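Have a look at the structure below before the remarks.
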Amino acid sequence: MNWYKVLQGKVKFKELLKDHTTFRIGGPAKFFIEPQDIDDLRLLLNSVKRYKIPILVIGAGSNILISDKGLDAVVLRLNSLHFKRISFRNNYLEVGSGAMLSQIVLSAQKHSLSGAEFLVGIPGTVGGALVMNAGIPDRNIGDLVENVTIMDYNGNVKTLNKKDIKFDYRVSSLSKYIILSACIKLVRRNKEEIKDKLNRYLNYRKVTQDLSFPSAGCIFKNPAGYSAGRLIDLCGLKGKRIGDACVSLKHANFILNLKRAKAGDVFRLMNLIRKEVKNKFHITLKPEIKIWR
Ligand code: EPU
C-alpha cells in the first residue's frame, strides 16, 4: 500500500487527531495528508480509490468529536498555501477553503469590506464553515456566497452557483464534495464601522461563551424556537461532569475538556443531557458537532 508515495504534499501516519481538534480529543488517523494543490488532491483521490479507505476532510477541527480509538481512514487537511489564498476583486472575496474565518474577516476589514463580521471568533476554516453553514442565529455564511468551487470524490472540479447550493440551519448540500474555494460578496463600508461591529461580536462571545478550556463550540443545534443552551441550563446541568468532560458554567451548550477528557466521557455526557432535556421538555436535541468513530 504505497499509494501515497506519488504525492507532493505532507503525509503522516498514525497522526494523533487530538492535536488537530479544538476539543483536544481524538485518536490516531491511519493517514493524515495535506495535499499540495488541486492536482495533488486529485492524484490522492485516484490513488486511494482501489483501497476503499474512507476519506474524511478535517478543517480547523472545531466542530468535531473523534473517537479515542482513532480512524482507519485518510484524514485530509487542506492546509497548504494553495488552499489558503485570499484575493479581492471589487466587492468580491475569492478565498481558499483552508483559510481561517478570522483571516477573511480581518482581510475584509483591511479592504473596507463588510458583511462577514459575524464570523469573527468562530475557530473554523472557510471549507468547514460552508459545509455546515456556520453562523449565528440570524446570519449564516451561506448568505454571503456567490459561488463555490468543489471537487467530487472522482477528482472532477466544478463551480456551483449559489442557486445550485442548498444552505439550511447548520447543514448544506456541499457535504458530498471537497470544497476548494468560494467567492463571497461583501459591501463597502467605513473601516471604523466594521471595527465596531467586530468588537461587538467578539465581546458578545467573550461574555456569553466559555473560551477558557478546549471545547467544540455548541454541542447541540438549537431546536426551532428554542436555545439548546437555555434548555440544558433549565435542567440544572451546568457544571455536570463525567470524567474530565464538564458542562460549562457559563453556557450550558458547551462541553469543556477540563484536562484529559475521553471521547466516551463526552458521549456519555451528551446522552445524559439529551435524556434530561427530553424528560423535562419533550424535545430531542440533535448534535451540531460531527462525530467520527
Ligand atoms: N442561555 C441561557 N443559559 C445558557 C446559555 C444560554 O439561559 O447556559 C440563554 C441566553 O441568556 C440567551 C439565549 O439562551 O437568552 C441564547 O443564548 P446565546 O445568545 O448564547 O445563543 P445560542 O443560541 O445559545 C447561538 C449559536 C452559537 C453562536 C451564538 C452567537 C447555535 C447552536 N448556537 O448560540 O454558535 O455563537 O448564537 O450569537 O446555533 C456554534 O455554532 O458552535 C455556536 C456556539
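The shown structure was predicted, so the numbers you read here are calculated from the model rather than taken from an experiment. Whatever order the structure lists ligands and atoms in, that order sets their numbers, starting from 1.
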[X] N/O under 3.5 Å from ligand 1 N/O:
X	result
Lys221	no
Glu288	yes
Asn253	no
Gln209	yes

- Item | Side chain proximity check, Met100 to Gln103, heavy atoms < 4.5 angstrom | yes

- Item | Nearest option to atom 7 (O) of ligand 1, as decided by whichever heavy atom of His251, Met132, Arg230, Lys238 sits closest | Arg230

- Decide side-chain hydrogen bond (donor to acceptor under 3.5 Å, both in side chains) for Asn199 and Asn203; before the verdict, give the C-alpha distance in whole Å, the side-chain angles of both, and the deciding distance to 0.1 Å. CA-CA 6 Å; Asn199 286 339; Asn203 197 45; over 6 Å; no

- Query: Do any non-hydrogen protein atoms sit less than 4.0 Å from atom 24 (O) of ligand 1?
  - Reply: yes

- Message: With the threshold set strictly below 4.0 angstrom, can you tell me whether any protein non-hydrogen atom sits that near atom 10 (C) of ligand 1?
- Response: no

Residue portion contacting ligand 1 (non-hydrogen atoms closer than 4.0 Å) for [X]:
X	answer
Tyr169	side chain
Tyr204	side chain
Cys218	both
Asp233	side chain

- Tell me, please: is Pro137 in heavy-atom contact with ligand 1, that is, under 4.0 Å? yes

For [X], the ligand 1 atoms whose distance to one of its heavy atoms is below 4.0 Å:
X	result
Gly217	42 (O)
Arg205	36 (O)
Phe220	32 (C)

List the closest protein heavy-atom neighbour of [atom]: residue, atom name, distance to the nearest 0.1 Å.
atom	answer
atom 17 (O) of ligand 1	Ser227 OG, 4.1 Å
atom 30 (C) of ligand 1	Ile136 CG2, 3.9 Å
atom 8 (O) of ligand 1	Ala252 N, 2.8 Å

- Item | Intermediate values then yes/no, side-chain hydrogen bond (donor to acceptor under 3.5 Å, both in side chains), Glu15 and His20 | CA-CA 9 Å; Glu15 175 77 353; His20 299 279; 2.7 Å; yes

- Residues Lys262 and Asp265 bridged, charged N to O under 4.0 Å: no

- Message: Check this for me, if you would: do Lys30 and Asp72 make a salt bridge, where the nitrogen-to-carboxylate-oxygen distance has to be below 4.0 angstrom?
- Response: yes

- Arg139: salt bridge (Lys or Arg N to Asp or Glu O under 4.0 Å) partners, not counting sequence neighbours: none

- Query: Parallel, tilted or perpendicular for Trp3 and Phe31, by the 30°/60° rule?
  - Reply: perpendicular

- Task: Show the numbers, then the answer: is there a side-chain hydrogen bond (donor to acceptor under 3.5 Å, both in side chains) between Asn63 and Lys290?
- Result: CA-CA 6 Å; Asn63 208 54; Lys290 298 262 169 304; over 6 Å; no

- Determine, using ring centers only, whether Phe13 and Tyr4 are less than 6.0 Å apart. yes

- Query: With a distance cut-off below 6.0 Å to the six-membered ring centre and an angular limit of 45° from the axis, does Arg293 pair with Phe267 as a cation-pi contact?
  - Reply: yes

- Message: Could you go through Arg170 and Glu288, starting from their C-alpha distance and side-chain angles, then the distance that decides it, and tell me whether this counts as salt bridge (charged side-chain N to carboxylate O under 4.0 Å, His left out)?
- Response: CA-CA 7 Å; Arg170 300 293 179 267; Glu288 174 181 310; 3.6 Å; yes

